[in-house]
2 protein chains.
Amino acid sequence: MADINQAKKYVNMTDLNPPLARGKAADAKHGDGSRAAKGGALPEAKLQEFAELLFFAYRDFTGDPDAILADFGFGRAHHRVLHFVNRHSGLRVADLLEILNITKQSLGRVLKQLIDQGYIMQQAGAADRRERLLFPTERGRALAERLAAPQIVRLAAALEAAGPAPRRRCAFFSKP
Amino acid sequence: MADINQAKKYVNMTDLNPPLARGKAADAKHGDGSRAAKGGALPEAKLQEFAELLFFAYRDFTGDPDAILADFGFGRAHHRVLHFVNRHSGLRVADLLEILNITKQSLGRVLKQLIDQGYIMQQAGAADRRERLLFPTERGRALAERLAAPQIVRLAAALEAAGPAPRRRCAFFSKP
DNA sequence: TGGTTTATGTCAGCCATGTTGACTTAATTT
DNA sequence: AAATTAAGTCAACATGGCTGACATAAACCA
């Protein structure tokens, strides 16, 4: 696909067209730019580049499954629901709402389709029978795995190319 | 915000509720699961966890600017456009279309607003006067930096927590 | 020169997926 | 028995993708 090369092209543009040539004067004015660099971390330009890479990564990462989903009449929202039900089998609807950070109504729309079409099953909670625990059906599990496959391949390739990793933890969730 | 802790909770659930306990039988059936692991890479379970982390990362990464954008009556689409115009000042409309992977009409809607409200300027190309080169205005640059700030902080925190990095290249764009 | 292609802009409408607000039902808690 | 909670649903609306059609100006080409 051409878009991947386009991404490369523009990521490379970063070097050809260094953003801090313009940015430096402004950083002096606003002054909060270098705050992040305290402790000898990466310069702001590199962090900006990283942000850009994250955009491209996510765009491409979701691109493969999106194409598969289209054949099923589903969208990315269905993927997210199916993924978490598959990976955290038996979770409650309320759990899913918190994970996805969307409203009950938004979730309801896609969840109903997945249930009606036999990808997800519900089961009343044993302790609290108000709760609807969600489980993937065999069909649901199969689709979830099919959607995950290209992403797994992409990640494996990326991590392999990144070289042997030291043991590291992800700090994305530490509040800035 | 509570959602960040929720994310942690569910990422941790991965360990409490190992997905391969159920997944293993299926992997034997489908057989393509371990393909990614050739070459001594991470096991599929870890890659799945990584995929999940990428979802949470992107969700939280875009959350901060989204809140700021709402005050301006803008959305995430405006952010993306403004970001790339700011970082790659002088790019053509066609370039932006390829970067963002959206249609001319979708871009047009948000670009028009950004131009009308004085965040982006256009200038006919010197060599080819059909081209409209895009530049941020001072106002546009200021907003772009304000939107980038929380993301920079997040990234700096994440990378710092990840520890001193060996020189590594991002292989997200290498086709699987 | 005149016809074709290219870069951009625009109108109109559709679809997916997010939002609020109001309300129901069933089950649990007080 | 009353209040709270988990879930489901209806209606209306906003954002930001999409397609298709078409207009304009500039560049290119024969």
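- Taking a heavy-atom distance under 4.0 Å as the criterion, the stretch of DNA chain C touched by chain B extends 5' to 3' from C:dT6 to C:dC11.
- Taking the six-membered ring where tryptophan is involved, the planes of A:Phe74 and A:Tyr119 are perpendicular, since the angle between them exceeds 60° and thus also 30°.
- With rounding to whole Å, A:Gln123 atom CD is found 16 Å from D:dA6 atom C1'.
- Judged by distance alone, the side chains of B:His88 and A:Glu52 do bring a donor and an acceptor atom under 3.5 Å apart.
- As a whole-Å value, the separation of A:Glu98 CD from D:dA6 C1' is 13 Å.
- The list of ring pair (Phe, Tyr, Trp, His ring centres under 6.0 Å) pairs with a residue in residues 142-161 of chain A, not counting sequence neighbours, is empty.
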Quiz item: With the sugar-phosphate defined as primed atoms, P, OP1 and OP2, and the base as all remaining atoms, what B/S/- string results for nucleotides 25-30 of chain D, 5' to 3', for protein heavy atoms under 4.0 Å?
Solution: -BS---
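- If you look at B:Tyr58 and A:Phe61, their ring centroids are not closer than 6.0 Å.
- The ring pair (Phe, Tyr, Trp, His ring centres under 6.0 Å) contacts involving residues 122-153 of chain A comprise nothing, where partners must be two or more places apart or lie in separate chains.
- Pairs engaging residues 67-78 of chain A under the salt bridge (charged side-chain N to carboxylate O under 4.0 Å, His left out) rule: A:Asp66-A:Arg76 [sequence neighbours left out].
- With hydrogens and angles ignored, the 3.5 Å screen pairs no side-chain donor or acceptor of A:Thr137 with any backbone N or O of A:Met121.
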Check nucleotides 12-18 of chain D for protein N or O atoms closer than 3.5 Å to its own N or O atoms and list the pairs.
unit_1	atom_1	unit_2	atom_2	d
D:dG16	OP1	B:Arg76	N	3.0
D:dG16	OP1	B:Ala77	N	3.4
D:dG17	OP1	B:Arg80	NH2	2.3
D:dG17	N7	B:Arg109	NH2	2.4
D:dG17	O6	B:Arg109	NH1	3.3
D:dG17	O6	B:Arg109	NH2	3.4
D:dC18	OP2	B:Thr103	N	2.6
D:dC18	OP2	B:Thr103	OG1	3.1
D:dC18	OP2	B:Ser106	OG	3.4

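- Contacts of A:Arg146 classified as salt bridge (Lys or Arg N to Asp or Glu O under 4.0 Å), with partners at least two apart in sequence or in another chain: none.
- A:Gln122 is linked by a side-chain contact (heavy atoms from CB on, under 4.5 Å) to A:Ile115, A:Arg132, A:Leu134, counting only residues two or more places apart in sequence or in another chain.
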Can you give me every donor-acceptor pair (side chain of residues 106-113 of chain A, partner residue at least two apart or in another chain, under 3.5 Å) with its distance?
unit_1	atom_1	unit_2	atom_2	d
A:Ser106	OG	A:Thr103	OG1	3.2
A:Lys112	NZ	A:Asp116	OD2	3.3
A:Gln113	OE1	A:His78	NE2	3.0

